[in-house]
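Small disclaimer: the values here were computed from a predicted structure and weren't measured. Numbering of residues begins at 1 and proceeds along the displayed sequence.
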Amino acid sequence: MKIGTPKETFAGERRVAMTPESATALQKLGHTCLIETGAGLEAGFSDATYKDVGVEVVKTAAALWKAADVVAKMRAPDATEMKRLREGQTLISFFSPVADEKKMAAAAEKGATVVAMEMIPRISRAQKMDALSSMANIAGYRAVIEAGNNFGRFFTGQITAAGKVPPAKVLVVGAGVAGLAAIGTSTSLGAITYAFDVRPEVAEQVESMGAEFVYLDFEEEQTDGAATGGYASVSSPEFREAQLAKFRELAPEVDIVITTALIPNREAPELWTEDMVAAMKPGSVVVDLAAEKGGNCKLTVMDEKIVTENGVTIIGYTDFPSRMATQSSNLYATNIRHLMTDLTPEKDGVINHNMEDDVIRGATIAHAKEVTFPPPRPKVAAIAAAPKKDKPKELTPTEKRDLETAAFKAQTRNQVTLLGAGAALVLGVGLIPGMPASFMQHFIVFVLSVFIGFQVIWNVAHSLHTPLMAVTNAISSIIILGALIQVGSSSMLITLLGGLGILMASVNIFGGFLVTRRMLAMFQKS
């Protein structure tokens, strides 16, 4: 089939849905690729680059829409493009099915199939097609760059001959994909970074990136992330008040605030109020990544940068990914390519729109002259929630002491029993008629060695066995040397025990080297 990408008609949009690299991969699936002349120019891809990889360059958008069986683009189609959409054609793009119900119904009436990229289910198998995450990652990174461009100081602290420069303090509200990208960029630039999210389970991710998670002194039952597609759930009014109180406390301290709280097809919650902006220091910066849906900041103006009376810069741009058009186009085109791989399972250039597939069904909003939005919940949960466990009962000091005493007595009892059994065994062997005294000396050493080995090796946690391989190999080597000396004895029993010692120590040595080799291979780059 023919896959075509027209030039974006949305004002200021610089991205393109097909790159030379993705076109090469699509052709391997059996498809023919078309692109409108100049479509990739602002993203850094010339027509000549597309021609070099076998892409047909079409002069006009009308000709491309007429020739293509599948149209892949970034933004939702405008009125003119909707007129060009025809029966049997497949459109892949961002679409906003909630806001564009009329367009969705019109596409279904025409008999076209529409795949909305923002509707890709957030399940593990679909991560490679998750365009929302791809673009949010870039937006989070670019938000920090824009903040730095409007901030009058260094991010990192410095001590120079001219004086000391304190590090900037950055607060990231929302630790989703965009938030984590902003946190990583901010910490790498040397800023003191704080992060807040209504999902306490993301605290470990935040702290692992070098930021400090802002906790609230408030407990609230959180819903499973699977129920909201991996997004934060709506909080109670009480939780919201506690959250705003914490932000008011932080507002005078932070230099840069980056808000990322946004759920697709919903209005953005107001998190950074007017009084918080008033409490910030002159020269501070607020970057609102939710400006397209009303903004998390009360004073945000969509697509504009404003400066308040107290000198706070508020950035409400909605085109952060487009400001990094080359990177955004590469990631988005890769998402499209992975989606086409699922739509072309036989790699024969024929699309199989399998509505039984969770990913394809979830993203399809119009198909077979029907509106298929909203989709059913995926059969596989977006996030596997860990089963809740009851909190263990806290013990009193007396109960703890009693438990420790009982455990110590049980351990002592086991040790006494083991020592008694060993002594009885040695005594029984010594009473065998005709047993030479030299054998008893060796046997006692053997029993003591077994006892020491049991205490040193057997009681070690399994997770520590691999680091002990070198030590156990050395011990096994000593055992082999001792057994080789004894194997030539005139006593058949000693010879037998020596042979068994050589065999078991050899197995231990070779097994240790094998396990160590496999462990090291896990850390080697392929």
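Phe196 contributes atom CZ, which lies 9.5 Å from atom CG of Leu171 (distance to the nearest 0.5 angstrom). Taken to the nearest 0.5 Å, the CD1 atom of Ile183 stands 7.5 Å off from the OG1 atom of Thr193. Taking NZ from Lys128 and CG from Asp130, the interatomic distance works out to 12.5 Å, rounded to the nearest 0.5 Å. Annotation: the span from Asp52 atom CG to Asp47 atom CG amounts to 11.0 Å, rounded to 0.5 Å. To the nearest 0.5 Å, atom NE2 of residue His31 and atom CG of residue Leu343 are 8.0 Å apart.
Of the possible donor and acceptor atoms, one in the side chain of Lys110 sits under 3.5 Å from a partner among the backbone N and O of Met82. The backbone N or O of Trp65 sits less than 3.5 Å from a side-chain atom of Gln89, completing a donor-acceptor pair. Under a 3.5 Å cut-off, the side chain of Glu118 and the backbone N or O of Ser96 do form a donor-acceptor pair. Formation of a donor-acceptor pair under 3.5 Å by the Arg86 side chain with backbone atoms of Lys66 is found in this model. The closest donor-acceptor contact from the side chain of Thr326 to the backbone of Ala43 lies under 3.5 Å. A donor-acceptor pair is defined here as one N or O able to donate and one able to accept, closer than 3.5 Å; no such pair exists between the side chain of Thr318 and the backbone of Glu292. Proximity of a side-chain donor or acceptor of Thr185 to a complementary backbone N or O of Tyr141 within less than 3.5 Å is not detected. No donor-acceptor pair closer than 3.5 Å links the side chain of Asn137 to the backbone N or O of Ala178. Distance alone, capped at 3.5 Å, is enough to place a donor-acceptor pair between the Asp357 side chain and the Ile360 backbone.
In plain terms, the two heavy atoms of Ala107 and Leu85 that are nearest each other are CB-CD2, 3.8 Å. Nearest heavy-atom pair across Asn296 and Ala290 is OD1-CB, 3.4 Å. Residues Gly295 and Asp288 come closest through the heavy atom pair CA-OD2, 3.2 Å. Between Val312 and Met280, the shortest heavy-atom distance links the atoms CG2-CB, 3.9 Å. Here the shortest heavy-atom pairing between Glu212 and Val206 reads C-CG1, 4.3 Å. When all heavy atoms of Ala261 and Ala268 are compared, the pair lying nearest together is O-CB, 4.1 Å.
Of the candidates Glu13, Glu42, Glu8, Arg75, Glu13 is the only one forming a side-chain hydrogen bond (donor to acceptor under 3.5 Å, both in side chains) with Ser322.
In this pair, Tyr317 and Phe320 present their aromatic rings tilted. The plane angle is within the 30 to 60° band.
Using a 4.5 Å cut-off on side-chain heavy atoms (C-beta onward), Val144 and Phe155 make contact. Looking at Arg337 and Leu26, their side chains come closer than 4.5 Å, going by heavy atoms from C-beta outward. Counting only heavy atoms from C-beta outward, the side chains of Ser46 and Thr49 approach each other to under 4.5 Å.
Within a 6.0 Å radius of CZ in Phe154, other residues, nucleotides and ligands contribute 12 heavy atoms or fewer.
In this structure, Arg15 forms no cation-pi arrangement with Tyr332, as its terminal cationic atom is not both closer than 6.0 Å to the ring centre and no more than 45° off the ring axis.
Under a 4.0 Å N-O distance rule, the pair Asp78/Lys73 does not qualify as a salt bridge. Salt bridge annotation for Lys305-Glu146: absent, with no cationic side-chain nitrogen under 4.0 angstrom from a carboxylate oxygen.
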- Starting from the C-alpha separation in whole Å, work towards a yes-or-no answer on side chain to side chain contact (heavy atoms under 4.5 Å, CB included) for Val277 and Ile314. CA-CA 9 Å; Val277 176; Ile314 301 177; 4.2 Å; yes
